[in-house]
Amino acid sequence: MDNILLLIKEGEFEDAELDDYSFSCYSQLEVDGTQHLLTCAFDDPDVNSTNLEFEICGALLNVKCLTFDKLQEMYFIKTKKFLLIGDSEIHVKLGGKNITSKKLNIVEIVKPEAPFDIRVIYRKGANDFLVTFNTSHSQKKYVKELMHEVAYRQEKNENDWMHVNLSSTKLTLLQRKLQPDAMYEIKVRSIPNANYFQGFWSEWSPTFHFRTPEITGRMDPVLLTISILSFFSVALMVILACALWKKRIKPIVWPSLPDHKKTLEQLCKKPKKNLNVSFNPESFLDCQIHKVDGIQARDEAESFLQDTSSQLDESEKQRLGGGMQGPTWPSEHAAITPKAFREDSPFGCLAGSISMCEALVQSSSRSPDCREGGKNGPHVYQGLLLGPGTTNSTVPTPSPFQSGILTLSPTAQGQPVLTSLGSSQEEAYVTMSSFYQNQ
Amino acid sequence: MPFAGNPSPRAGTEKVSFRYIFGIPPLILVLLPVTSSDCDIEGKDGREYQHVLMISINDLDTMIKNRTNCPNNEPKVFKKHACDDNKEGMFLYRAARKLKQFVKVNNSEDFNLHLSRVSQGTLQLLNCTPKEDNKSVKEQRKQKSLCSLGILLQKIKTCWNKILRGSKEH
């Protein structure tokens with residue numbers, strides 16, 4: 001009875017202690033030549049491991065058990081005598097007494113050695129970065145096949161690691177997936193590939209730092225050529241547009257409406273160069289201008305016309321051909337048939353000092369038929385002279401003209417008076433056409 | 001006149017020889033399957049063999065070739081036992097036990113460790129319970145040359161490959 005009670009107490013003691021003495025182990029094969037390393041440590045760092053021992057039994061060559069060595073709080077054993085097949089038992093002993101045990105397989109707790117010599121090379125032609133590293137396991141017999149994990153990040157971005165898994169020792173990073181002109185850091189670690197040997201991640205390799213190149217202004221040659229050609233084409237078009245704007249482009253884009261006065265000037269200018277044709281009265285300032293004092297009645301004009309019709313044609317021709325002759329102008333009369341005048345509008349001009357030409361000009365300027373040019377200046381027809389000093393004087397509003405022949409008849413002052421002959425529309429039309437023909 | 005009661009010694013010897021020649025060997029042959037046990041082979045997937053045993057066998061082979069020049073004619077090594085069908089386990093069991101006998105003090109530590117690993121590892125993967133065969137053990141002790149070891153290792157390798165091939169086919 002007492003013995004049974006004692007056993008129960010011992011069991012209780014062991015159960016309580018097992019919780020406190022839990023431990024973990026990892027193995028490293030061929031870590032030193034052909035020697036393997038097994039390392040164990042308590043999970044609780046506060047455990048008093050002063051008199052505690054670790055022992056491994058089973059799956060050993062030529063021996064039953066091996067005792068661990070102790071270094072600070074770590075227990076390790078360095079030996080070649082691991083069978084590497086089957087399970088082993090690790091015992092924690094206190095004074096030769098087994099406190100706790102754990103069954104494990106050496107090949108299932110393998111921790112590889114950390115990779116080393118990680119390097120990054122920029123390949124300009126391929127626009128990528130070649131990452132290479134080395135591992136000591138490539139020379140080992142047992143744990144040869146590993147899975148590697150490469151982690152890289154931009155230095156300024158903390159905790160933003162990118163991870164890549166690979167089984168080889170080379171990795172390619174595309175340049176377009178990295179930030180230009182930035183500092184990066186990269187590291188790698190390994191784990192057994194779980195074919196037969198299994199275990200834990202190794203420690204990280206030393207970090208390597210590299211800088212990505214800047215994006216230069218260098219462009220694709222084809223794109224550069226196209227850009228240059230386009231620039232020169234646009235420049236050429238701008239130059240041509242500026243050069244040909246007035247002569248060719250503007251007349252098409254913004255055609256100018258023909259000015260009847262200018263057109264008439266051009267028509268008159270062509271045959272005789274010395275013919276001074278202008279609608280500007282100021283250009284005739286140096287010419288002798290005979291005032292038109294009054295306009296005779298229609299009857300007188302008609303009778304006069306019959307008499308002088310033949311003479312009038314000849315004189316018209318002469319006058320039209322000669323242009324404005326000033327003092328050589330015949331003083332008897334001058335026939336003018338302005339086409340712009342209205343057919344029905346009576347010719348009205350004040351007698352006296354008011355020049356008929358001015359009235360003619362004023363009314364002609366106000367005539368609704370005078371559409372061309374829109375100029376309101378005085379119009380001077382050939383053979384019609386303005387009286388001196390009358391250009392700037394105010395002229396009362398004359399009545400609209402009647403289409404007909406205006407004749408200039410001499411007054412007592414020796415100035416010819418322009419009288420309305422009251423010619424028909426056909427004669428006026430004919431006169432204008434003959435006027436054009438004479439040109 | 002011959003003595004009737006006493007048989008001639010020559011006639012008796014002939015009878016005894018006849019029994020030993022024609023009597024006992026067939027009995028042994030009949031009883032041999034009874035004496036041999038079936039072995040359960042673990043690790044038929046070949047992981048332990050490929051990752052551990054084969055490495056030690058290859059290392060031992062290299063060490064042997066570096067130390068001796070073995071003749072082309074094959075010495076009589078383990079002739080009695082072969083990796084026959086359905087007897088691969090037993091063959092490996094016996095071969096593994098024989099390997100232990102090649103462990104010598106004058107060998108290098110690595111050499112002995114590899115031998116031990118192949119031997120012990122093979123035995124760990126087999127679940128055999130044969131009887132002790134003292135006669136075969138004595139005969140095996142005679143053949144301890146490195147060339148014999150090399151041949152034995154090759155036979156072990158061949159038998160393992162046969163086991164793995166068979167497991168893949170099934």
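Reminder, nothing fancy here: chain letters follow the sequence lines and each chain counts from 1.
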Handout entry: Contacting moiety of B:Asp59, where chain A heavy atoms sit under 4.5 Å
Key = side chain
Problem - Side chain, backbone, both or neither of B:Gln124 within contact of chain A (heavy atoms, under 4.5 Å) - result: side chain
Handout entry: Residues B:Asp85 and B:Lys87 bridged, charged N to O under 4.0 Å
Key = no
Problem - Main-chain N/O of A:Gly58 paired to A:Ser88 side chain as donor or acceptor, under 3.5 Å - result: yes
Exercise for the section: Determine whether the side chains of B:Gln154 and B:Asp61 contain a donor N or O and an acceptor N or O closer than 3.5 Å. Expected result: yes
Practice task
Measure distances from B:Ser56 to the heavy atoms of chain A and classify the residue's part below 4.5 Å as side chain, backbone, both or neither.
Solution key: side chain
Exercise for the section: Counting only heavy atoms closer than 4.5 Å, note whether A:Leu60 contacts chain B via side chain, backbone, both or neither. Expected result: backbone
Problem - Structural part of B:Glu109 lying under 4.5 Å from a heavy atom of chain A - result: side chain
Practice task
Using a cut-off of under 4.5 Å on heavy-atom pairs, state which of B:Leu113, B:Asn112, B:Val103 scores highest against chain A.
Solution key: B:Leu113
Practice task
Could you look at A:Phe197 and say if it's the side chain, the backbone, both or neither that has a heavy atom under 4.5 Å from chain B?
Solution key: side chain
Problem - Candidate pair A:Glu30 and A:Lys140, rule salt bridge (charged side-chain N to carboxylate O under 4.0 Å, His left out), full reasoning - result: CA-CA 7 Å; A:Glu30 298 175 276; A:Lys140 298 186 191 299; 6.0 Å; no
Practice task
Could you tell me whether the side chains of A:His91 and A:Glu55 share a donor-acceptor contact shorter than 3.5 Å?
Solution key: no
Problem - Neighbour count >12 (heavy atoms, 6.0 Å) for atom NZ, A:Lys81 - result: no
